[in-house]
Each structure stands twice: as structure tokens, then as C-alpha cells.
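Everything below concerns the one structure shown next.
Values reported hereafter were calculated over all heavy atoms of this structure, with side chains retained and with hydrogens, waters and symmetry mates removed. Every chain is numbered from 1, with letters handed out A, B, ... down the list of sequences.
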Protein chains: 4
Amino acid sequence: MRVGVLGAKGKVGATIVGAVEAADDLTFSVGVDAGDPLTLFTDSQTEVVVDFTHPDVVMGNLEFLIGAGIHAVVGTTGFTDERIAQVRSWLADKPDVSVLIAPNFAIGAVLSMEFARQAARFFESAEVIELHHPFKADAPSGTATRTAQMIAEARKGLPPSPDATSTGIDGARGADVDGVRVHSVRLAGLVAHQEVLFGTMGETLTIRHDSLDRTSFVPGVLLGVRNVADHPGLTIGIEPLMGL
Amino acid sequence: MRVGVLGAKGKVGATIVGAVEAADDLTFSVGVDAGDPLTLFTDSQTEVVVDFTHPDVVMGNLEFLIGAGIHAVVGTTGFTDERIAQVRSWLADKPDVSVLIAPNFAIGAVLSMEFARQAARFFESAEVIELHHPFKADAPSGTATRTAQMIAEARKGLPPSPDATSTGIDGARGADVDGVRVHSVRLAGLVAHQEVLFGTMGETLTIRHDSLDRTSFVPGVLLGVRNVADHPGLTIGIEPLMGL
Amino acid sequence: MRVGVLGAKGKVGATIVGAVEAADDLTFSVGVDAGDPLTLFTDSQTEVVVDFTHPDVVMGNLEFLIGAGIHAVVGTTGFTDERIAQVRSWLADKPDVSVLIAPNFAIGAVLSMEFARQAARFFESAEVIELHHPFKADAPSGTATRTAQMIAEARKGLPPSPDATSTGIDGARGADVDGVRVHSVRLAGLVAHQEVLFGTMGETLTIRHDSLDRTSFVPGVLLGVRNVADHPGLTIGIEPLMGL
Amino acid sequence: MRVGVLGAKGKVGATIVGAVEAADDLTFSVGVDAGDPLTLFTDSQTEVVVDFTHPDVVMGNLEFLIGAGIHAVVGTTGFTDERIAQVRSWLADKPDVSVLIAPNFAIGAVLSMEFARQAARFFESAEVIELHHPFKADAPSGTATRTAQMIAEARKGLPPSPDATSTGIDGARGADVDGVRVHSVRLAGLVAHQEVLFGTMGETLTIRHDSLDRTSFVPGVLLGVRNVADHPGLTIGIEPLMGL
């Protein structure tokens, strides 16, 4: 499979180029950066393009790629409902073309949320601890908030997690996200980590995800590249490509 | 729902009686111990019976219960293929009766194995660490061996986990179960714990199960009691009742 | 060494009697409960008495034991400054008698706090996570609050832990105890657990203590029994007997 | 304090230069690489030099620095007993000069081993789990082997850790290092991690060290730079500078 990369000279793009080159079953066709013509992809018979660029240019990229019959794997952010609708309308005319847009390519993070969703209704108690480097601006993290919401959704109709706390210090019991407590640790030396804890009589189940460096998106991007063609039309998130 | 208990005066049975009595949606009908007639269950309009007794008596119990149209949730061990076939033949005449026989009622342990199976094919590396009290005779534990086998099965066709170990001390890299390394820790103070570790570029996923006391089978038994009637015939393991 | 137990028929007392009887180097002399005369200890040549009784009776017990030249290991609560001063004055006349009064006999908890104190000044960041069963009334736990205070004390003069949080949900960053963040998890199935996390450039250190059942005070009581005689006068906490 | 760096253009050296420049209380004086004269240090009134170079050149560096009255903080390897003796003889003539040679500058690793040593004699059971990236050649790691040896040394005279294992698969119980079991996990995505587990009746204590990237030596080097002058003569390991 011939794979092209948009933003190939950027940090993320260069990492993807390296990963494609290192994979036995993939061929790196061409890298395209600001100023280069998109026709480099058609000239090089590229079959799939990876786009980790910028919200300002990603729509133009997608219009070209879909028109040219090239599949796209997109990690660029900023996809509003309007943008999603626009991509769908371009794809309507090209039934054989596939576009994957994912907010998170870290396979471990995606599985972690999926398992939390599956487990949630079988336990009395559920809490989330997320741990990040101290330069992070938001607490809880977006992933932790989303995880807590998924747990709350899966537990609909069940009694709330038991909690006899009657005295204490403000904040000790964490943030309340739809009834699920979320705790945010900020610690020098950490990267990005999350634990989902479930408990019932006599046992607990913990699902922990550790991102140890900034390359954790690579396996998910390669999984997207290898499988996107089997999912014609628009796919949001890598879950469907993982069979989840 | 009216629930009876076999072996009600034993340690496990008494715990189940207490749990049934504490559940708002269940009614404890009657407890039966050695010497008591099984007709106590029919006399008391019992709908489901929990059997944590002994291989010597469980078949007689099941023959009676199935004949009387009472569902059974069974944690007793010793079910050979022959015994399973016998139970199926009794059930053939009673299409509305359900029997659940499960080797493990700990919901967290069952989910832990299921998640390990689902995750296995998405990671380069997988290892299992099980940690138990020091009075345990076997290493690895049966659960760890089974978990490793399920991981190996799910990874069929993938390259082996990378491992550059060239020098070392015997045993450092653990036991090899179908290509998956399993490590057994024996430590005073522990009960029964297991970690499944998965790793790929830049990230790891850890699924940890902790049994903190001997009551961890209770929530799974109650789940069985509440759902067994919806699964007519013979069900092996609580997974189908959990929708897994 | 001949060891007696006060409150020997209570749950805690009975556990201690069992542990003394199981120890090769200790001899159980006599158990004394409400209504029994304290002279049973002198009649039986008891050398050390363990007192896990009640604030209402412990002072009378200690006055008798010190007067009789018997060492005491005390887990009973309620020792005010006045009571401590009274015990010291009784001991002033008996230079060979030792009394150990400890708020916490769990060796792991004591070491955990001691290590947190030693490590605190070498790291940029420090946070505490305590995890307990959901029936606990206070959050954070007393141990977690004390641990955070010890860390804050050891870090005096150092810059605060870095934290760029600017947006979030109330409580996400935990309780602030003297500048150290403390997070309280309440989860069915748990007993009593604590993690102290330290971080600096590229590395973290975690000290975790797990109490898995109510017997975790036993090894500390035996350590007290074996070593109290070497520490004449009043000792508060088992730390000095551990050489900390 | 004016700080110079040997091997300043190498990866490690450049990281140290950056860290010195970022520290408010330190001034970077000069970097010296292969081909540069060592007199650059004296010309620039350097007070402390950090040497992460090569066994082939480190002895020449130290002879010059000691002779010039400049303190040295050394992470270069290959110090045999003969080399140590040679450094001591150079220092004998310069009572005000300090040299620190350390095999491990990761503060968390050093504290982790120290705490393991302190805790070892208070628990019935002790085991070590070390977890590394799969490119590591040796199993167990040198740090894990050393930690196990320190634990064994501290437990001299105590009974062995209890272990009832009678059946199993080879290797499940790990490597035996002086009676302490050590388990080596190799997992894609990991860097360098170690857990020391202690257990006794009803409780466990876990000391975990995580190295998340290759910069974890920096805080220890800065600690050495700031404190080496207070320790005239030769110091082996950063422990004495940490007050351990």
C-alpha cells in the first residue's frame, strides 16, 4: 500500500513518515508540505494520505483527496458538525473513498474507554484518576471527563456509587462529572496517564493507560492506514476499525 | 424472586443467604443442608436455588431441581464432560428451566480476562503478573495460565512479543505459556491479584484485578440469580449473562 | 517472654492472643477481661501486657502495670496531653519500666510516612492519593492528612509543586493540605490504601501502602512486645522501636 | 557557583548545560569537548565540572581538575578499585577539593533502594519486579539485582520468605537472587521501572520507581553540583550528599 503524508516535515509528520518506512507492508510514496502541490499525491499513485496538519488547510486537503479517489486518515482537529457534513457530501459522490477522522489515535486510550464502558454496569462504585505533567491547563483532562460521562451513561438506572463522606476538606472527593468522581494529579516527570477504578463486594478492577511519550499515536495511525479502505465513507474514531 | 440456598449453613452458603436477604429485589425462601429434604424448595415456592455444595451431591440436587422446574445457579466444582451431558439431557425435557454452572463468579476476574482477549491483538507485547498469598501451591495460578492462553489465541498470526534478553538469571523472564510470559509473586498479606500488561510504541495498557476477600463471588452469584431465568437450558460461565 | 493481654476476649484482643501463642519466642501468660482482677498478671509472672481496651479503663490499667513493674504496649486511644503527663509521672518512680503508646501499629503505614518524609525534599512535586471503603466518614483520611503535613514540613523553603491548572471543575485537583494535594477515593471492595507520589524531571517515585484486612496491626504489636523493654520510660509511636 | 561541563556537545552533556543554564543559582562557565584544552576551565574561574565522558579520558580529566583545585561531579563509568585508589591519592594532596563519582544519579532510584533496605527486616516477604523496554539485553536489570542483594543483606538472620509453591511451570517464580525473587518484564512502550514489594500479615508496602525518559539523571547531577563542595575528598554515590 502506497502511503503519503501531509505536513511531512513537521514533528508529527516526520514521525509518521519514519513509521511508514519502517513497516514491511507499507510504502512511503511522497511527503507534502506547505507550498507543495497536492498533485504530488496523484503523480505518485498514493493510495492513502495521513493528514496531521491544521484546521485552516485540512478541508482543502480533504476536498482534493476525495476528488482524486485517495483515502484519508486525519488527526487534524477542529471538525465542527458543519465540516463533518461537508466531508460527507463530498464522499456521497465517491462511494469507494474512505475518510477516517479520529480525535485520539492512542489505541490504549481508546480501549481503556471502551473497557470502562463495558465494565461500568457491573460494579457498585466507579472513579477516575488522571495523572499528567504539571504544564497541563485543564483539570480534569478531556479524556477523563469523557470517560466519566461514558461510565455515567452506562450506569443509568443503577443506584449512585456509595459514599458515606460526611466531614472533610473541600476537593478531597474530586470533581463530580455526572455523578462519577474524577481526580486530577499534576506531577513533574509524568506524561499522560489514567486509571479507571471499579469496585464491588470483595474485589476491584482497574484499567490503567500510560502514555509514556509523544509517539503513542503512531500504532493507531498505522492501524488506520491499513484498514481505512475497508470502511468506505466517513468513519469517526478508530473504534470501528478495531472491531469495537 | 424467591431464592433458596443449598449448603446454607456452610461458610459460603451463609454468605449467600446474607446477600440474598440484603437485596431489595430478592426474597430468601429456604436453606437446605445435609439431612434436609429437597422438597423444602418446592414447599416454599422457590424459583432459583444456589448450589455451592460438593461434587458428591450436586448431581442429585440438579436432577431434583430440574425435575421440579426450579432454576439453578451452581458454583460447585467437578463438572466433567459426562456430567455436563447428563445435565443437558435432564434439561432437554424441561425447556423452561435454566441451569448456570460457572467456574468463577468473580465479575472482575471474568471481565479482566475478556478485556485481555479483546486488547491482545492491538499490542506488540503482552505479559501477565499474578500475585497471591504464600500458601498457594501452584504457580502460575490457573486464572493466569488461562489468561495467557486466551491472549496467545487472540494474537495468532502476529509476530512474537519482542525480547532482546541475551544474558540473565534463570527464571527472571517468568514462565512461558504459549509464548506469553507469566510471573508469579507470592507475598504475605496478599489475597489474589492479577495484572495483564500490554505495550506498544509510546503507551501501555494495564488491566488489574484485585480480590481483597473471599466474598468476591457474591455479586456474580446475585447476577446469576437475577438473570438465569432469561437463559433457558445450560449456560457455562457467567459471561453470557453479562452480555459478553 | 511472658505476655498478657487485656481485653483478651474482644475481637482485637483474641487476635493478639492467637498471634502471641503462634510466636515461638513468646509465651501467653494470661488474658484479663472486664471483671477479672489485674492481679492475674502479677500472679502469672507476666512481663509485658498488651492493652487494646477503652479510654475509660486504660489509665487504671497503666497505673497498676507500672506499679507492678510490668511493661505495657498500648493501642487504646484517647491519650490527651494530660494523660500522657500522668503516665510520665508514674514512670518517673519506676526507671526500669517501659510503656509504648502508639496511634498506629501498621508497620507498612509507619514506614510509608517515614519514607515520604525522607523523600519529600528531593522532588519538585508531591501528591497523596488515599483509597478506602465507601463507609468512611472523613475525607481525606487522618493518615493522609498527617502524611501531607509531614511532606509540607520537609519541603519548607522549597518552591511549591508546579501546577499550571487554569480551567477545570471544582475539586478535580483535590484537597489542599498545607500546599500538598490530597485525593480521596471511596470504592466498594477496598479496605485502606494510600499512595504517595513524588515527581521530578524524567522520573517518579511512588510509595504505596495497602491494608488488606483488619489484622494489619498484629506485626507491629509483636514488634512492640519484643522491643519495649529496651526503651525504658514512655515511647510514643513504634518508630523509635524500629530504629527510625 | 560557576559550573563547567566536559563533553558539552554530546547528548548528555548538552542536557546538563541546559539544566545549569536554567538554574537560577548556577552559572554555566564553559563547555569543553574533545580537542579543547582543559585550561578553559581555569581561564573561566570554573568551580565545579561535570564529567559524563568516557573511561579513556576521565582519569586525565580528574588529574587536571584536582590539580587545579576544581571540584568534580562524575557520571563516567569504568572506575575499578585501582582507579579509585589513584583518585584518592591525587586528592590526598588537595584537602579542599571534592570529587563525587556516582553509578546512578537518578534520585528516585537511589531513594527506592535505600527505602527497600530500611524496610526489608520488618516484613515476612520481599520480591522485586523490574519492567523495561524490550531492547534490554540483561534480565534481571543491574539495579534489580543490586536491590535484591541489599534486601537479602538486611534480612540476614530472618526466616526466608514463605512460599508453598509445589507445582508449576519453570520460571514462574522468577530469578532467585540471594533468596529474593526477582521478576523481569519486557514490554514495548516501557522505559525503566521497578517495584519492590513487601508483605506481612494483612498489609503490603510497595516502593515503585519510574524512569519515564533519559533526563532522569539531571536532578541528581544538579544536587551533586550544589553539594559536592561540602564533602571534601572522594564520595562514591550521591547517597551521602542526600543525607542518607
Handout entry: Stepwise side-chain hydrogen bond (donor to acceptor under 3.5 Å, both in side chains) test for C:Gln118 and D:Gln118
Key = CA-CA 12 Å; C:Gln118 289 183 34; D:Gln118 289 183 34; 3.0 Å; yes
Contacting region of [X] [heavy-atom separation from chain C under 4.5 Å]:
X	value
D:Leu244	side chain
D:Arg214	neither
D:Phe123	side chain

Exercise for the section: Report yes if some heavy atom in the side chain of C:Glu127 is under 4.5 Å from a heavy atom in the side chain of C:Arg173; otherwise report no. Expected result: yes
Handout entry: D:Pro103 side chain near D:Thr77 side chain, heavy-atom distance below 4.5 Å
Key =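 No, their side chains stay 4.5 Å or more apart.
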Problem - Mutual orientation of the aromatic rings belonging to C:Phe115 and D:Phe115 [parallel < 30°, tilted 30-60°, perpendicular > 60°] - result: parallel
For chain C, find which of [options] contributes the most heavy-atom pairs closer than 4.5 angstrom.
options	value
D:Ala19, D:Ser211, D:Gly243, D:Gly220	D:Ser211
D:Glu203, D:His209, D:Met242, D:Arg121	D:Glu203
D:Asp213, D:Leu197, D:Val191	D:Asp213

Who among [options] has the most heavy-atom pairs with chain D under 4.5 Å?
options	result
C:Ala109, C:Pro219, C:Gly199	C:Pro219
C:Ile207, C:Thr204, C:Leu111	C:Thr204
C:Asp210, C:Val218, C:Leu212	C:Asp210

Handout entry: Residues C:Glu195, C:Arg208: salt bridge by 4.0 Å N-O rule
Key =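 So C:Glu195 pairs with C:Arg208 through a salt bridge.
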Practice task
Could you tell me whether the side chains of C:Gln194 and C:Ser112 share a donor-acceptor contact shorter than 3.5 Å?
Solution key: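 Per modelled atom types, C:Gln194 and C:Ser112 side chains form no pair under 3.5 Å.
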Practice task
Using distance alone, with no hydrogens and no angle criterion, decide if C:Glu130 and C:Thr143 have a side-chain donor and acceptor under 3.5 Å apart.
Solution key: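 Side-chain D/A pair, C:Glu130 to C:Thr143: absent.
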